[in-house]
2 protein chains.
Amino acid sequence: MTPRSTRPRERGIPEATVARLPVYLRALQGLAERGILTVSSEDLASAAGVNSAKLRKDLSHLGSYGTRGVGYDVDYLVYQISRELGLTQDWSVAIVGAGNLGRALANYGGFGTRGFRIAALLDADEGVVGDEVAGLRVGHIDTLEDVVSAERVSIGVIAVPAVAAQGVCDRFVEAGVTSVLNFAPVVLNVPPAVDVRKVDLSIELQILAFHAQRKADGRATAPPAGRIGAKEKA
Amino acid sequence: MTPRSTRPRERGIPEATVARLPVYLRALQGLAERGILTVSSEDLASAAGVNSAKLRKDLSHLGSYGTRGVGYDVDYLVYQISRELGLTQDWSVAIVGAGNLGRALANYGGFGTRGFRIAALLDADEGVVGDEVAGLRVGHIDTLEDVVSAERVSIGVIAVPAVAAQGVCDRFVEAGVTSVLNFAPVVLNVPPAVDVRKVDLSIELQILAFHAQRKADGRATAPPAGRIGAKEKA
DNA sequence: ACGCCCTTGTGAAAGCACGCACAAAGTGGG
DNA sequence: CCCACTTTGTGCGTGCTTTCACAAGGGCGT
Ligand SMILES: NC(=O)c1ccc[n+]([C@@H]2O[C@H](COP(=O)([O-])OP(=O)(O)OC[C@H]3O[C@@H](n4cnc5c(N)ncnc54)[C@H](O)[C@@H]3O)[C@@H](O)[C@H]2O)c1
Ligand SMILES: NC(=O)c1ccc[n+]([C@@H]2O[C@H](COP(=O)([O-])OP(=O)(O)OC[C@H]3O[C@@H](n4cnc5c(N)ncnc54)[C@H](O)[C@@H]3O)[C@@H](O)[C@H]2O)c1
């Protein structure tokens with residue numbers, strides 16, 4: 001059979017596109033707040049910081065939601081992108097690690113406004129458990145499995161020290177969480193069905209340093225690469 | 001002439017490679033701490049969560065620093081990658097916004113240990129200026145230009161609310177900062193010579209939500225393996 | 001009702017990135 | 001000294017991304 005006739009738009013949005021949809025969504029919400037009703041691909045692309053052809057191709061993966069000669073209806077597009085991203089439903093998030101970062105995350109208002117609900121903030125330190133952070137009481141890490149199941153947590157956030165991250169991750173996975181956002185600077189090992197994304201500050205800084213150095217160098221500066229012990233090239 | 005050109009690395013390392021070098025570096029440092037002297041591409045790749053062929057190709061962009069039949073000298077490779085990333089020098093970083101996130105960043109130990117020095121933490125709120133955070137006194141935003149110039153800040157970190165981000169960014173750029181790390185959920189507008197990287201929590205969550213929805217949606221329309229299923233994504 | 005003009009949606013081309021598979025290169029044993 | 005074995009470095013095919021360029025589609029003024 002040819003299942004291709006089943007859907008107006010094929011299931012199978014390129015990963016690169018998925019990563020940009022949230023950016024478009026935010027830009028659109030900004031436009032909506034300013035009372036703008038329609039927007040051309042050119043203007044939206046500019047607001048999102050991308051090339052307009054790319055934006056159109058990205059949106060074309062969702063369907064034909066534009067009107068030629070006019071542009072896109074802002075509200076409608078917000079809805080369509082939200083739906084595609086799964087934001088028409090709420091997602092429960094559990095944060096493990098109530099340290100500097102975990103608390104900052106819990107205090108961050110940008111969660112709830114976008115359909116993500118912090119169901120729990122857990123920590124292993126008895127001195128921290130019971131604290132109130134952003135109207136949430138810090139729970140004990142041992143309740144992780146219960147919380148995940150009771151609150152139907154589908155996204156786990158890891159904000160513990162690097163050495164503890166894999167262990168926390170394993171517990172999340174064991175408890176049935178299949179989406180993990182990792183702030184610890186380690187490579188997590190998970191089964192193929194689990195989706196891990198990482199946010200790594202050091203890496204970002206190092207990438208910036210690389211480019212900064214290159215800008216500063218200007219010309220080819222190959223300082224004596226040689227060093228103790230190892231083989232000398234040439 | 002024509003010596004097998006000592007030019008180990010051509011100018012022009014692929015961006016994708018640059019983004020992975022910090023991951024390799026961290027994995028190598030972990031090995032070094034455990035007293036491991038040499039490592040094969042297979043083992044290092046596994047520690048870094050990538051394919052070994054990819055790792056070898058990435059490293060080949062820096063030069064031929066491996067020994068066939070043996071592997072790579074851990075210390076030597078640490079040094080080479082560090083040098084390539086510009087980590088053999090120290091970088092001064094200025095953080096603007098001493099709120100939840102700014103404080104968490106300032107308190108984060110992982111900075112100094114990797115060659116990044118927090119030269120200043122600035123805020124506009126008079127009630128916050130003067131606070132001590134992580135042994136650092138919060139300065140007033142109006143001193144930004146002075147600090148940048150006096151401390152030779154080359155990397156600016158933006159941790160202010162979205163509405164204030166572009167303004168802070170403009171001041172950084174005006175002051176001569178050409179590398180910016182942005183935590184605010186906005187698209188920053190900068191001259192071409194300025195390098196901006198963003199860390200956007202909401203976007204990461206939304207991408208996770210997209211895949212989570214897809215997994216939950218009826219069937220496996222797309223085998224999770226093909227996408228960012230398992231190992232961490234770059 | 002007609003045609004002009006604007007903007008979308010999309011082939012096609014070019015550019016990157018990835019990973020396989022293997023020759024080359026070096027090690028260590030006999 | 002030679003050979004068997006290990007692991008690197010890379011040529012090459014494949015698939016994904018980006019960008020260009022334009023035909024098709026739709027609104028709007030006359
Ligand atoms: N603070 C930052 O700005 C920042 C930036 C980048 C990355 N990170 C990373 O984020 C993670 C957290 O950073 P932080 O500054 O919040 O550290 P932190 O030390 O302030 O907090 C860590 C918290 O995790 C808890 N914890 C430790 N082991 C645990 C376990 N097994 N189960 C549950 N809780 C446990 C500790 O009790 C502590 O409260 C670290 O991996 C760090 O490298 C932090
Ligand atoms: N807290 C988080 O976990 C988190 C997560 C993701 C993104 N963010 C983003 O990071 C940014 C900061 O978040 P936060 O939670 O720390 O906010 P916050 O409100 O706690 O802190 C913001 C700080 O910036 C200062 N500020 C405001 N305008 C300024 C200006 N023009 N110049 C200098 N300082 C100024 C404020 O005085 C305040 O101290 C926001 O854009 C937020 O969206 C935060």
Side-chain angles (χ1 to χ4, degrees), chain A residues 4 8-10 12-21 23-24 28 36-74 76-77 80-81 229-234, chain B residues 4-5 7-10 12-21 23-24 28 36-74 76-77 80-81 222-223 225-234:
Chain A
R4 62 193 69 249
R9 56 180 192 291
E10 285 300 326
I13 297 181
E15 192 54 33
T17 295
V18 172
R20 283 187 295 266
L21 289 178
V23 178
Y24 303 154
L28 284 164
I36 294 172
L37 300 179
T38 43
V39 66
S40 69
S41 64
E42 198 64 52
D43 291 351
L44 180 54
S46 157
V50 302
N51 174 301
S52 71
K54 178 151 59 179
L55 180 130
R56 288 198 298 277
K57 182 148 286 186
D58 282 343
L59 294 184
S60 78
H61 287 113
L62 312 191
S64 284
Y65 298 139
T67 305
R68 291 169 192 234
V70 177
Y72 301 88
D73 180 284
V74 173
Y76 187 56
L77 200 50
Q80 290 297 346
I81 294 180
K231 54 264 136 191
E232 199 76 284
K233 323 305 297 184
Chain B
R4 66 289 316 294
S5 92
R7 200 67 47 205
R9 62 206 187 294
E10 284 300 323
I13 297 181
E15 193 56 32
T17 295
V18 172
R20 282 186 295 267
L21 289 179
V23 179
Y24 303 154
L28 284 165
I36 295 172
L37 300 180
T38 27
V39 66
S40 69
S41 64
E42 198 64 53
D43 291 349
L44 180 53
S46 158
V50 303
N51 175 299
S52 70
K54 178 152 63 180
L55 179 130
R56 287 197 299 276
K57 185 155 291 185
D58 282 343
L59 294 184
S60 78
H61 286 113
L62 312 193
S64 285
Y65 298 139
T67 304
R68 294 173 191 228
V70 176
Y72 301 88
D73 179 284
V74 173
Y76 187 57
L77 200 49
Q80 289 299 343
I81 295 180
R227 305 225 166 281
I228 52 174
K231 305 295 186 173
E232 294 225 346
K233 194 188 149 51

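If you're wondering where the values come from, they're calculated on a predicted model, not measured in any experiment. These values consider heavy atoms only, across backbone and side chains, with no hydrogens, waters or symmetry-generated copies. Letters go in sequence order (proteins before strands), and every chain restarts at 1.
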Starting at the 5' end of nucleotides 21-30 of chain D, put B wherever the base has a protein heavy atom under 4.0 Å, S where only the sugar-phosphate does, and a dash everywhere else.
-> B--BBSS---
Take B:I13 and B:D58, measure what side chain to side chain contact (heavy atoms under 4.5 Å, CB included) needs, and give me the verdict at the end.
-> CA-CA 8 Å; B:I13 297 181; B:D58 282 343; over 6 Å; no
Nearest heavy atoms of [X] and [Y], plus distance in Å:
{"X": "B:L44", "Y": "B:V39", "value": "N-CG2, 3.7 Å"}
{"X": "A:R20", "Y": "A:V50", "value": "CD-CG1, 4.1 Å"}
{"X": "B:Y65", "Y": "B:Q80", "value": "OH-OE1, 3.3 Å"}
{"X": "A:Y24", "Y": "A:A48", "value": "CD2-CB, 3.7 Å"}
{"X": "A:V74", "Y": "A:L28", "value": "CG1-O, 3.5 Å"}

Between protein and nucleotides 3-5 of chain C, what N or O pairs are separated by less than 3.5 Å?
none

Atom [atom1] of [X] to atom [atom2] of [N]: distance rounded to whole Å?
{"X": "B:K54", "N": "D:dG9", "atom1": "NZ", "atom2": "C1'", "value": "17 Å"}
{"X": "B:L21", "N": "C:dA17", "atom1": "CG", "atom2": "C1'", "value": "15 Å"}
{"X": "B:R20", "N": "C:dC16", "atom1": "CZ", "atom2": "P", "value": "15 Å"}
{"X": "B:L59", "N": "D:dT7", "atom1": "CG", "atom2": "P", "value": "16 Å"}
{"X": "B:Y76", "N": "D:dT8", "atom1": "OH", "atom2": "P", "value": "16 Å"}
{"X": "B:L77", "N": "D:dT7", "atom1": "CG", "atom2": "P", "value": "16 Å"}
{"X": "A:L55", "N": "D:dT19", "atom1": "CG", "atom2": "P", "value": "12 Å"}
{"X": "A:D58", "N": "C:dT10", "atom1": "CG", "atom2": "P", "value": "13 Å"}

Think [X] has a side-chain N or O under 4.0 angstrom from the OP1 or OP2 of [N]?
{"X": "B:Y72", "N": "C:dG26", "result": "no"}
{"X": "B:N51", "N": "C:dC20", "result": "yes"}
{"X": "A:S41", "N": "C:dT8", "result": "yes"}

Enter the distance from B:N51:CG to B:E42:CD here, rounded to the nearest 0.5 Å.
->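 That separation rounds to 8.0 Å.
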base_contact_polar (C:dG19 base, B:K57 side chain, donor-acceptor, <3.5 Å) = yes
Would you call B:T67 and B:T38 a side-chain contact if the rule is heavy atoms closer than 4.5 Å?
-> no
Does A:L62 reach the side chain of A:L21, with side-chain heavy atoms less than 4.5 Å apart?
-> yes
Could you pick out which residue, A:T17 or B:V39, lies toward the 5' side of DNA chain D when each is mapped onto its nearest nucleotide?
->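 Nearer the 5' end of the strand: B:V39.
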